[in-house]
Asks: 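Pasting in a structure now, in structure tokens, and then I'll have a few things to ask.
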Amino acid sequence: MHSFTQLVAELKSGDFKALARVLTLVENDIEPAMDILKGLEASSVPVIGFTGPPGAGKSTLVSAVAGRLSAEGKRVGILAVDPTSPFNFGSLLGDRIRMSGHFNDPNVFIRSLATRGALGGISAKTIEMTDVFKAAGFDAVLVETVGVGQSEIEVAGIADTVILVLVPESGDEIQHIKSGIMEIAQALVVNKADRDYGDAYTARLKKFVSSVQHHVPVFKTVADKGEGVDELMDWLNTAPAFDQDRRVFLLAEKAFKIIQHHRMRNVDRDRLYAEISAGLRYPGFNLYRFVDQYNSGQMS
């Protein structure tokens with residue numbers, strides 16, 4: 001059985017087995033997870049977030065970027081978030097399937113995790129697990145969110161650089177104006193650009209972005225064929241320095257999420273489900289009265 005200090009030392013040395021153990025402890029709130037997290041030192045390892053709608057090819061693009069970094073001799077950690085069923089609470093964790101080409105790559109470590117009901121495109125434990133990755137000797141950490149909608153922007157509280165992945169079917173300029181997620185991206189990628197209207201969509205997107213968000217580049221890729229990935233990598237290697245004011249804002253957001261999680265940890269979801277199921281048997285069930293009684297401890 002590994003001692004606490006030995007486990008932490010192995011984590012910081014880049015040992016993948018130690019990393020897997022620590023990630024499991026942190027994801028499931030198993031001691032000494034909090035002691036490990038409190039012992040992590042500040043790290044400058046870049047975190048790159050990939051977000052966008054379902055079916056945009058995020059996993060394939062992440063795999064392509066990881067492949068380029070690995071070919072340069074860099075160690076890459078990948079944290080891929082998959083949706084959890086709201087009914088059976090299961091998750092396929094299918095992102096690993098699209099990244100199978102890296103299973104035997106000694107420079108790449110892939111960890112999938114489920115949202116477990118969290119909104120915003122990430123899991124409740126993504127923040128803490130990302131910090132574990134940063135302490136494990138990687139040169140870069142890639143975080144792929146669940147397929148998200150217009151306002152799900154939680155990845156901005158984790159990543160130093162956010163890449164929004166779109167496809168030619170992602171909508172017109174009005175959709176982009178409505179989309180809060182556009183405001184957090186440092187770069188836009190039109191993936192699957194070999195589809196019909198790919199060139200026209202990319203041209204319109206570039207024109208739109210230049211009118212509302214200066215200095216945000218738009219790239220065109222076909223990730224499963226490796227097309228356009230080199231241009232994206234060139235930009236990543238020369239991306240502008242992280243804005244310190246934005247860092248303070250994002251750290252405050254991270255702190256808020258961590259505090260929120262710890263204050264909610266005593267809420268038993270199974271009991272909540274059972275209490276609501278019982279309450280629905282009576283006419284006039286009111287969710288707000290139920291929550292008020294639940295919070296005040298008046299439930300049976």
Side-chain angles (χ1 to χ4, degrees), residues 1-49 74-82 84 89 91 93 95-96 106-146 154-160 242 244 247-272:
M1 183 70 176
H2 281 59
S3 68
F4 167 71
T5 54
Q6 182 183 359
L7 184 60
V8 172
E10 291 176 354
L11 167 70
K12 293 180 178 179
S13 72
D15 183 276
F16 279 0
K17 290 183 179 179
L19 172 58
R21 292 190 189 99
V22 172
L23 289 172
T24 297
L25 295 176
V26 169
E27 183 179 7
N28 296 287
D29 273 332
I30 300 171
E31 292 299 333
M34 183 51 67
D35 290 332
I36 293 173
L37 290 170
K38 289 191 291 187
L40 299 181
E41 299 175 359
S43 171
S44 59
V45 175
V47 177
I48 305 168
K74 295 180 178 178
R75 287 165 52 89
V76 186
I78 300 175
L79 192 59
V81 186
D82 281 289
T84 297
F89 306 113
S91 184
L93 302 181
D95 289 321
R96 294 186 186 184
N107 288 330
V108 179
F109 181 97
I110 304 170
R111 177 72 175 230
S112 295
L113 71 158
T115 57
R116 297 190 180 186
L119 301 178
I122 62 173
S123 164
K125 285 296 183 178
T126 309
I127 294 173
E128 292 94 325
M129 294 174 74
T130 301
D131 285 335
V132 171
F133 267 101
K134 292 174 69 175
F138 290 106
D139 297 296
V141 178
L142 312 182
V143 177
E144 180 199 342
T145 75
V146 169
E154 302 295 342
V155 69
I158 296 173
D160 303 305
F242 196 59
Q244 186 60 29
R247 182 178 296 278
V248 173
F249 171 77
L250 295 182
L251 284 175
E253 288 296 302
K254 287 174 71 172
F256 178 85
K257 292 295 181 184
I258 293 170
I259 292 169
Q260 182 184 55
H261 173 73
H262 282 282
R263 291 189 176 180
M264 289 287 293
R265 66 190 307 170
N266 292 325
V267 176
D268 186 333
R269 291 181 67 126
D270 290 337
R271 180 187 167 220
L272 192 63

Asks: Run Val81 and Thr145 through side chain to side chain contact (heavy atoms under 4.5 Å, CB included) and show every step you take.
Replies: CA-CA 5 Å; Val81 186; Thr145 75; 5.6 Å; no
Asks: For the CD1 atom of Ile78 and the CD1 atom of Ile110, what is their distance to the nearest 0.5 Å?
Replies: 4.5 Å
Asks: Please enumerate all residues that pass side-chain hydrogen bond (donor to acceptor under 3.5 Å, both in side chains) together with Lys74, with sequence neighbours excluded.
Replies: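 By the side-chain hydrogen bond (donor to acceptor under 3.5 Å, both in side chains) rule, Lys74 matches Glu72.
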Asks: Quick one: list whatever passes side-chain contact (heavy atoms from CB on, under 4.5 Å) with Asp268, sequence neighbours left out.
Replies: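 Testing Asp268 for side-chain contact (heavy atoms from CB on, under 4.5 Å), a comparison that skips the adjacent residues, returns Asp270, Arg271.
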Asks: Check whether any side-chain heavy atom of Arg21 sits under 4.5 Å from a side-chain heavy atom of Ile30, and report yes or no.
Replies: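 A side-chain contact under 4.5 Å is absent here.
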Asks: Tell me, please, which residues at least two apart from Val8 pass side-chain contact (heavy atoms from CB on, under 4.5 Å).
Replies: Phe4, Lys12, Ile36
Asks: Between Leu19 and Ala136, which heavy-atom pair has the shortest distance, and what is it?
Replies: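 In terms of heavy atoms, the two residues are closest at CD1-CB, 4.1 Å.
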Asks: Counting only heavy atoms from other residues, nucleotides and ligands, does the tally under 6.0 Å from CD of Glu31 exceed 12?
Replies: yes
Asks: Working to the nearest 0.5 angstrom, can you tell me the gap between Arg269 CZ and Met264 CE?
Replies: 8.5 Å
Asks: Where is the tightest heavy-atom contact between Ala159 and Gly49, given as atom of each residue plus distance?
Replies: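 Taking Ala159 first and Gly49 second, the nearest heavy atoms are CB-N, 3.5 Å.
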Asks: Which pair of non-hydrogen atoms, one from Ala18 and one from Glu10, has the smallest distance, and what is that distance?
Replies: CB-CB, 3.6 Å
Asks: If I compare all heavy atoms of Thr24 with all of Asn28, which pair ends up nearest, and what's the gap?
Replies: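 Between these two residues, the closest heavy atoms are O-ND2, 2.9 Å.
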Asks: Of all residues at least two apart in sequence or in a different chain, which pass the salt bridge (Lys or Arg N to Asp or Glu O under 4.0 Å) check with Asp29?
Replies: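 Listed in chain order: Lys125, Arg265.
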Asks: What distance do Gln6 atom CD and Leu11 atom CG have between them, rounded to the nearest 0.5 Å?
Replies: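 Spacing of CD (Gln6) from CG (Leu11) equals 12.5 Å.
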Asks: So Leu40 and Leu37, do their side chains get closer than 4.5 Å, heavy atoms only?
Replies: yes
Asks: Not counting sequence neighbours, which residues clear side-chain contact (heavy atoms from CB on, under 4.5 Å) with Ala33? List them please.
Replies: Leu25, Val26
Asks: Out of Val141, Leu79, Val76, Leu23, which residue meets the side chain to side chain contact (heavy atoms under 4.5 Å, CB included) rule with Phe109?
Replies: Leu23
Asks: Report the residues that fulfil side-chain hydrogen bond (donor to acceptor under 3.5 Å, both in side chains) with Ser13, sequence neighbours left out, ordered by chain and then residue number.
Replies: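 Checked Ser13 against side-chain hydrogen bond (donor to acceptor under 3.5 Å, both in side chains); zero matches.
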Asks: Considering residues at least two apart in sequence or located in another chain, which fulfil the side-chain contact (heavy atoms from CB on, under 4.5 Å) criterion with Asn107?
Replies: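 Expected list: Ser70, Arg75, Asp105.
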